[in-house]
**Q** 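Shown below is the structure under consideration.
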Amino acid sequence: MSSTEVVTRFAPSPTGHLHIGGARSALFCWAYAKRMGGRFMLRIEDTDAARSSDESARGIMEDLAWLGIEWDDGPRLDLPGGRVIGAHARDIEGGYFQARRVNIYNREIERLVQSGHAYPAFEGSEELDAQRKAATAAKQTYRYPRPADITPGVFNADRWDRAQRGEAHVVRFVAPHEEILVADRVLGDVRIAPGELDDFVLRKADGFPTYHFAVVCDDELMGVTHVLRAQEHLANTPRHVALQRALGFRTPEYGHMPLIFNLDKSKMSKRDKAKAARAALKSALQKDPSLSPVTLAAGMGADSSQVAAFIAGENDSLDIAARAGAYLGITLPEIEVADFRANGYVPSAITNYLALLGWNPGVKTPDGKDLEKFDMPYLAAHFSLERIGKTNSVFDRVKLASFNQDALAAMSDAEFAQGWLAWMRTYRPQEAARLAGDGSPARMERFTLLAGAVKARAKTYADALRPAGFALCDDDGYTFDPAAVKKNLHADDGKGLSLLRALRPALATLEDWSPGPIHAAIEAFAGAHALPNIGGIAQPLRVALAGVAVSPPLGETLTILGKDSTLARIDRCLASAG
RNA sequence: GGCCCCGUCGUCUAGCCUGGUCUAGGACACCACCCUUUCACGGUGGGGACAUGGGUUCGAAUCCCAUCGGGGUCACCA
């Protein structure tokens, strides 16, 4: 590694799935490193022993990999298909999981204590909470009061001995009394006045470092040159700068990115899913008085007392929220990358949209429009700190959906069919089996035709199931929409119905059962019956085949159904509506 | 409340640094029309913003100040 090489890092704490905001941070860090010809690092900040888990760390890495955000340095990840990420990571003492680096932090802590820049403190957290509460009640800003026996720059042997003898303690920083300037690459110079910092904790009673301390040590020891993170960390940065000075470390370049919010300006959080599910549950109960939490729980396959508690707002169980969403047929708001993936978004649309949330290439297309559509290589080649905005932004799912729709539309029919099927096999196995069966060439040919017919009508893979509905039910497994029947079959003295009856033999005798000939046959039929256009027969046919007057073009629809199903459905419709 | 950050269409933004070319451009959404066998796709057009008030200047979305508004942060979470 040369001394000028840029090193950025994304450092999630493994306490859940990868949040969409975290994905944006990772994307910007990745893009900047690539742009500068440097390295992008992934570090796992698992110093909160109670909340961290290895499954979560693995999940976050898989989500990053799925998005195409690959790290040069960090844990090794082996993916199905032989893909490996982090295979050429730099070998760093202690590795990339903070929990396994505790001896390193302890070494640095001791150095700080010996030089009089840190000291053990013995107050319990209840005691401090009480002090904080009292200060808040008195409308005072609480700052930890430095004990009288602490002198900056002087080693306190007394306290160190007590700590060494095993007395419960934390280690606190001797915060400097001076102005601290952070030269932020996004926000410009940010200053905080002397005395704003108090003696914050560096090492917790359980022996793990706090976030502040671990971050400062790791960024130095791992050679991080640029710290790009969300603006919520801005207020922490002076602490980090002060610590770096006390430890004799470099100060990396900082850049704080704007925050991402919901449409209602609230912070995007996984609790939003619980909120949406709860609202849906409540409105279901209100609309249908025969329902109760018990019957709902039964339908959801969940414990009724838990469901009742969930509705009452006593818990925000993600499991119950997911079950409620599935049971009531509503889509919960996507918050985590895994949610978008499950709902059928593609990585290229997500990363493109995310890149535009807080950054802009500032380039016009030849026809004078802002350049908005670009891929990962473009980002890697053009990303710049200067063009990161300062203002917080609202996450607009509707625009993301539009990007996703465009991404799907840009695929060839074969590509779309492949992606759609892969998604379906994971998230909708029943539908996958129904539409593609064993994946034999004959089945795939028909499936690809369906995929092509549905592609322009879908915003996501999940959404593509909607226009494919006619192919997902049995020939007698759908109902005829009364309004559609009335309008297209019964109106005008049953004209639609008699046309449909007359069409049947024409279709039954059609030899070449493929889109072109089928469409030609229907057109010929319309001409022979003096219809102004084929709508007069097309709409009744649609009602017969799908139950509603909406379907993809008829040539495709009939081909996908096959001749036998088509005739069976017409017969059933004639019998039912005639 | 203290400290810090931010303020262009409903939303994401271009323009701001280097005042005039801005009767403020684009995208998503919305509306209308066209295309069309339906639903979509596509095409054309439309409504829609410089938070407010003061300065500076011949001239301010662009520079300065104030006000108002929004956000972040004040843990032995990260």
**Q** Tell me what A/Glu386 touches on the nucleic acid: a base, only sugar-phosphate, or nothing, going by heavy atoms under 4.0 Å.
**A**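 If one applies the 4.0 Å heavy-atom cut-off, A/Glu386 turns out to touch nothing in the nucleic acid.
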**Q** Not counting sequence neighbours, which residues clear side-chain hydrogen bond (donor to acceptor under 3.5 Å, both in side chains) with A/Arg271? List them please.
**A**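 For A/Arg271 the side-chain hydrogen bond (donor to acceptor under 3.5 Å, both in side chains) partners, ignoring immediate neighbours, are A/Asp316.
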**Q** Indicate, with a heavy-atom threshold strictly under 4.0 Å, whether A/Ser551 touches base, sugar-phosphate, or nothing.
**A**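 Here A/Ser551 touches the bases of the nucleic acid.
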**Q** Tell me the interatomic distance from A/Leu531, atom CG, to B/U37, atom C1', rounded to whole angstroms.
**A**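 To the nearest whole Å, that distance equals 11 Å.
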**Q** Just call it for A/Pro238: base, sugar-phosphate, or nothing, with non-hydrogen atoms closer than 4.0 Å on any strand.
**A**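 Touches nothing.
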**Q** Any base atoms under 4.0 Å from A/Thr15, or only sugar-phosphate, or nothing? Heavy atoms, all strands.
**A**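 Contact class for A/Thr15: none.
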**Q** How close or far is atom C1' of B/A29 from atom NZ of A/Lys399, stated in whole angstroms?
**A**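 It works out to 10 Å between those atoms.
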**Q** Name the closest nucleotide to the A/Ser125 side chain, picking from B/A78, B/C28, B/C76.
**A**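 Of the candidates, B/C76 comes closest.
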**Q** If you look at every strand shown and take non-hydrogen atoms under 4.0 Å, does A/Gly536 touch a base, only sugar-phosphate, or nothing?
**A**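 No contact.
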**Q** Classify A/His256 by what it touches in the nucleic acid, base, sugar-phosphate, or nothing, heavy-atom distance under 4.0 Å.
**A**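 It contacts nothing in the nucleic acid.
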**Q** Checking base pairs now: Watson-Crick or wobble, both atom distances under 3.5 Å. What partners B/A40?
**A**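 The answer is none; no pair meets the criterion.
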**Q** Which pairs, protein N/O on one side and nucleotides 71-75 of chain B N/O on the other, fall under 3.5 Å?
**A**
unit_1 : atom_1 : unit_2   : atom_2 : d
B/G71  : O2'    : A/Asn392 : OD1    : 3.2

**Q** Please enumerate all protein N or O atoms sitting under 3.5 Å from an N or O of nucleotides 14-21 of chain B, with distances to 0.1 Å.
**A**
unit_1 : atom_1 : unit_2   : atom_2 : d
B/A14  : O3'    : A/Arg387 : NH2    : 3.4
B/G15  : OP1    : A/Arg387 : NH1    : 3.2
B/G15  : OP1    : A/Arg387 : NH2    : 3.3

